[in-house]
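Each chain gets a letter, A, B and so on, in the order its sequence line appears, and its residues count up from 1.
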Number of protein chains: 2
Amino acid sequence: MPTIRDVAREAGVSISTVSLVLRQPHRVSEGTRVRVQEVIKTLNFRPNGTARDLRVRKSGTIGVFLRNLSGPYYSELIGGIEQVATSLRLTPIVCGRSVDEEQGSRRLLRERRIDGAIVLDFGITLSELAEYSAPDLPIVVLNRTLPCPLASAHITVVKIDDDGGGYQAGKHFIDQGFLHPAVITGPVEAEASQARQRGFFRAYAEHGIASTGILVIHGDFTEEGGAEAMATILNLNLAIDAVFSANDQMALGVLQVLAKHNIRVEQIAVMGFDDISLARYVQPALTTVHQPMFEAGVTAMKLLGQAMMGEERIPPRTLSTSLVIRSSTPKKSSSE
Amino acid sequence: MPTIRDVAREAGVSISTVSLVLRQPHRVSEGTRVRVQEVIKTLNFRPNGTARDLRVRKSGTIGVFLRNLSGPYYSELIGGIEQVATSLRLTPIVCGRSVDEEQGSRRLLRERRIDGAIVLDFGITLSELAEYSAPDLPIVVLNRTLPCPLASAHITVVKIDDDGGGYQAGKHFIDQGFLHPAVITGPVEAEASQARQRGFFRAYAEHGIASTGILVIHGDFTEEGGAEAMATILNLNLAIDAVFSANDQMALGVLQVLAKHNIRVEQIAVMGFDDISLARYVQPALTTVHQPMFEAGVTAMKLLGQAMMGEERIPPRTLSTSLVIRSSTPKKSSSE
DNA sequence: ATAAGGAATCGAACCGTTTCGATTCCGAAT
DNA sequence: ATTCGGAATCGAAACGGTTCGATTCCTTAT
C-alpha cells in the first residue's frame, strides 16, 4: 500500500504538496496538480484514514448503538439518522449490544474512534455515558430520562412521549367502551413501560376509574412473556374486557393465547405499543400506539450535529406518538 | 483528555513504561505497575485507539455492509457474525447502503479503517471489492458468484444454495400436486433469484414438465411489486394452480391480492423464499424456503478470521436451505 | 571483588497524515 | 535597479500511541 511519501517521491514534489493537492487543490498550480493526481492514480494511492484521524483529531464517524439489530423498528430509526448524517458528511456505524466489555460499542466510545454517538442500547448506563461523553464526543440518548440537572453538558435526550402514548391507549379503550382493562407492563427497569402504564392509568383516572382497580402484571417484552402473562391473567378468571400490553411483541403473545382459548377480541380487546410491522399482519390486526422512529432518527442526528458543532446543554426533545386503530379493539356492543 | 504522556509525567516513569503497563503488565514490577494504574484511574486516561491503530497498522474492527438495516433476516446474520467475532476479539461495525460515494461502507474500505469486511450490499460491485481487498483487508462476499478464477486472492464467497432451494420449492409443489405453476422472480440483476428460478424449473423438468410452459414475471423484491405481478398474472386469466415467488416479501403481496380477489390457497397455492419472520404470521401462514442466515454469519466470520490470519484463496462455501411447510400450500385434492 | 545474566526501565524511532511558518521565485511597482 | 507582495512550494513539527534495542541496576556465581 503506497503512502503519501511514495506519491511525493514519484511526482518529485514534497509531501505537503501532495497533501495540498488532496485537500485544497486550488492552492496548487495546475501543472503540479495534474502531475500529482496522475501519480496518485497510477500508484492507486488512497490516504490512510487512521493517520488523518490522528492528526486532525476526528474521524468523521458517529456510532449508533442498538440493543439488537433486529426489526424494521430500527431500520426506520437508522433511515432517519442516515438521511441527516449524509448531509453532515458523517458516516454512521452501527453496533449491536456489546456482550464483551472490551468490544463493540463500549470500545468505540472508550477509544475515541467516533466523533459522536446515538445510544438506544439501554444496557449502557447513564453513568457510563456521562463518563465517555466530552466536548469532542457528544452523545444523544434515546428514550431515557436524565436525572434532573443534566448529568453532563454533552448528553442530549430525545424521547418518545410514552406517557402520552399510554394516555392515548387508555383513552381509546374508554372510547370503545372497555372499562375493565388489565395491563401487561415491561420489566421494572424499563422506564418506558412505566411511563406508558402511567399515561394509561391517567386516562382511566380522568374517567373516574382508579388505577387501584386495574390488574397489572409484569412481562419481559417478549412474545413468550406476553403469552405467559396472559395465561396467568386468564387463570385468575377476572371479569376483564381488554388488555393493554406495554409493547407489541407481548401483545402478539396475548393474541395467541386468546386464540388458543377461543376468546375473541370482541370479548377481550387487545392493544399494543410500538407499531412494529408485524402488527399490521397478525389476525386480528393489532391496534397499537405508533412510535415515530424515523422522526426520532432525524431529530437525534440533528441534535448530535449541533452538539458536534460545539453547542452545549441542548434541552431534551419529546416526540409524540399516534394511535393506529386496527381490528383488535372493536367497539364494545352497548350492554355492559 | 489526558494522553499517555500525562500519565507518564504524573507517575514519574517513561512513556514506554506506561504503555507496558497497559499491554504487557507482567513485564513491569508490581510497585510501578500499581502506581501507574492508579494514575491512569485518577486521570481517567483511556488510550486513543486511533493512535494505536496507526502504529500497529490494524484496528481490530471489521465492517459488515448491508443493503439496508431492516428485517430480522439480517439480525440473525449479524448474530452469527457477532458470536464468532467476539471470540476473535474483533468489533463488527455495520453500515447500510452507502448512498454517498464519500461516506459509509466505501469510505471505511477506502481509508482502511477496518481489518476485514463482510459484504452483502450488492450495490458494491465485485470489481470495486477486488480493488479494495488486500492481504491486510480480506473480504467475504455473501450470496454472489465470482467470475470463475477467483478475482482476488483475498476475496472469499459464502453463498446460499439458491438453486437447491428453488429445487426444493419445485419438488414440494409437485408433491402437493401443483402442475401448473407461475413464477414471480426478482430483478434481472439479482443472481440469487435467477438461481432459485433455475432450481425450480429443474424440479419440474425432472417431472417431465418443461420450463417453456411456465409463466415467469419479474418483480422487484418488494411487497408492492409482488402484488402488481400477481395482479398482472390474474389479468391474463391463465389456468394456474400455484405461484412461486423468489422471495417472501413479494409472496406477501401475492397473498394480499389473492385475498382481495377471494381466491383461496386451495385454488392457487403460494410459496416464498427466505423465511422472514413475518412468513409465520400471515394468514394463511406462508410455506417457504428457509435460508440459514445465522449459519451464514458464523461461516462468513470464521472464513474472514482465517483470511485475516493470512490464508489466501479460500474456496467458496455453499450452505443448504431447508423447506418450511406451512399452510399456503395445501395438498391438492385428487382431481386435476 | 568481579563478571555474568536477568529484570526493570528508558529513549527514540516510527506509523501516515495535516498544517504552520518559512523560503523561493517571479513579475509589478517605484 | 531595487523593493514589495503574492503565489507556489517546502521542511518540520505535531497527533498519541507501540516497540526495539540500549541502559541501568540487582543478584548470584566464580
Under 4.0 Å between a side-chain nitrogen and a carboxylate oxygen: does that hold for [X] and [Y]?
X       : Y       : answer
R67(A)  : D121(A) : yes
R106(A) : E128(A) : yes
R52(B)  : E111(A) : no
R112(A) : D136(A) : yes

Can a donor-acceptor pair be found between the side chains of T299(A) and R317(A) at a distance below 3.5 Å?
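Absent: no donor and acceptor within the cut-off.
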
Taking atom types as modelled, find out whether S59(B) and D53(B) have a side-chain donor-acceptor pair closer than 3.5 angstrom.
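Result is no, nothing qualifies.
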
At under 4.0 Å between heavy atoms, how does the protein contact nucleotides 10-21 of chain C? Give one character per nucleotide, 5' to 3', with B, S or -.
BB-BBBBBBB--

Full working for side chain to side chain donor-acceptor pair (under 3.5 Å) between S16(A) and S19(A):
CA-CA 5 Å; S16(A) 19; S19(A) 182; over 6 Å; no

How long is the line joining [atom1] of [X] and [atom2] of [N], in whole Å?
X       : N       : atom1 : atom2 : answer
H26(B)  : dG6(C)  : NE2   : C1'   : 14 Å
R33(B)  : dT9(C)  : CZ    : C1'   : 14 Å
R110(A) : dG17(D) : CZ    : P     : 13 Å
K58(B)  : dG17(D) : NZ    : P     : 19 Å

For Q24(A), does the CD atom sit with more than 12 other heavy atoms under 6.0 Å from it, leaving out its own atoms?
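Atom CD in Q24(A) is packed in, count exceeds 12.
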
In degrees, rounded to 10°, what is the bend between the two ends of the helix from dA1(C)-dT30(D) to dT30(C)-dA1(D), using five pairs at each?
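End-to-end axis angle: 60°.
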
